[in-house]
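What you see is a predicted model; the values in this text were computed from it and never measured. Sequence positions, counted from 1, serve as the residue numbers for this chain. Just so you know, these numbers use all the heavy atoms, side chains as well, and skip hydrogens, waters and symmetry mates.
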Amino acid sequence: MLDEQAKKTILRKIPHGLYICGVKDGEEVNGFTASWVMQSSFTPPLVVNCVKQDSKSHAMIKASGVFALSFLEAGQKELAQKFFKPQRRVENKFEDVEFYLGPETGCPIISDSLGYIECNVVGAVEHGDHTVYVGEVVAAGVHREGDPLLLESTGWNYGG
């Protein structure tokens, strides 16, 4: 039998960075704070990005086949928090955030971030309440050096 408390405690010990995942569908853009992200291949360069299935961003990635990840810097907790809220509650999350559209995918990229990657979706696994999107990195850029924002440094929990 699964010990629910032990499962929650140990799964929350998996380290996670925090990113803003920029998405688009046609001319519409959106973004959300992502934490279940990791590199999964060198050749070709692949990342996995797990996205909540009942979110608007999930539908946008499914429709467009692209996403971008802006890497947040330690100290950007407030920016990460802004993108946790559903778009239906806050409308335009990018209203007071400087961003530009990625040259390869057209997805929004946060200007005040460590850097970014842009991805074309090359696979998806739809099990549970999140879809594991596999993205091939088609563009990358570095805005500045710095330490990444980690979930554990925020005091938040997402997992378990």
Handout entry: Ring center gap for H143 and F71 short of 6.0 angstrom
Key = no
Exercise for the section: Please confirm whether the backbone N or O of Y133 pairs with a side-chain atom of T131, one donor and one acceptor, at under 3.5 Å? Expected result: no
Practice task
Mark yes or no for whether K24, through its side chain, and V29, through its backbone, hold a donor-acceptor pair below 3.5 Å.
Solution key: no
Exercise for the section: Go through the steps for E118 and F67 under the test side-chain contact (heavy atoms from CB on, under 4.5 Å), then give the verdict. Expected result: CA-CA 6 Å; E118 293 181 85; F67 64 87; over 6 Å; no
Exercise for the section: Assess the side chains of S64 and D25: does a donor N or O sit below 3.5 Å from an acceptor N or O? Expected result: no
Problem - Residues K13, E152: salt bridge by 4.0 Å N-O rule - result: no
Exercise for the section: Classify the ring geometry between W156 and F84 as parallel (under 30°), tilted (30 to 60°) or perpendicular (over 60°). Expected result: perpendicular
Handout entry: Inter- and intrachain pairs under salt bridge (charged side-chain N to carboxylate O under 4.0 Å, His left out), touching residues 128-141, at least two apart
Key = none
Practice task
Using the rule that two of Ile, Leu, Val, Met, Phe, Trp, Tyr join whenever any of their side-chain heavy atoms come within less than 4.5 Å, decide whether L114 and I117 are in one cluster.
Solution key: yes
Problem - V47 with V138, same ILVMFWY side-chain cluster at under 4.5 Å - result: no
Practice task
Give a yes or no on whether V125 and V51 share a hydrophobic cluster (residues Ile, Leu, Val, Met, Phe, Trp, Tyr; joining criterion: side-chain heavy atoms under 4.5 Å apart).
Solution key: no
Exercise for the section: Taking all heavy atoms of V132 and all of C50, pick out the closest pair and write down the distance. Expected result: CG2-SG, 3.8 Å
Problem - Ion pair check, K82 and E95, cut-off under 4.0 Å - result: no
Exercise for the section: State the CG-OG1 distance between L72 and T33, to the nearest 0.5 angstrom. Expected result: 7.0 Å
Problem - Summary of salt bridge (charged side-chain N to carboxylate O under 4.0 Å, His left out) pairs that have at least one residue in residues 30-46, sequence neighbours excluded - result: none
Exercise for the section: Tell me whether L46 is reachable from L69 by hopping between hydrophobic residues (I, L, V, M, F, W, Y) whose side-chain heavy atoms are closer than 4.5 Å. Expected result: no
Exercise for the section: Could you give me the CA-CA distance, side-chain angles and deciding distance for F83 and I110, then say whether side-chain contact (heavy atoms from CB on, under 4.5 Å) is met? Expected result: CA-CA 11 Å; F83 282 86; I110 304 292; 4.2 Å; yes
Problem - Aromatic plane relationship, Y100 with Y116 - under 30° parallel, 30 to 60° tilted, over 60° perpendicular - result: perpendicular
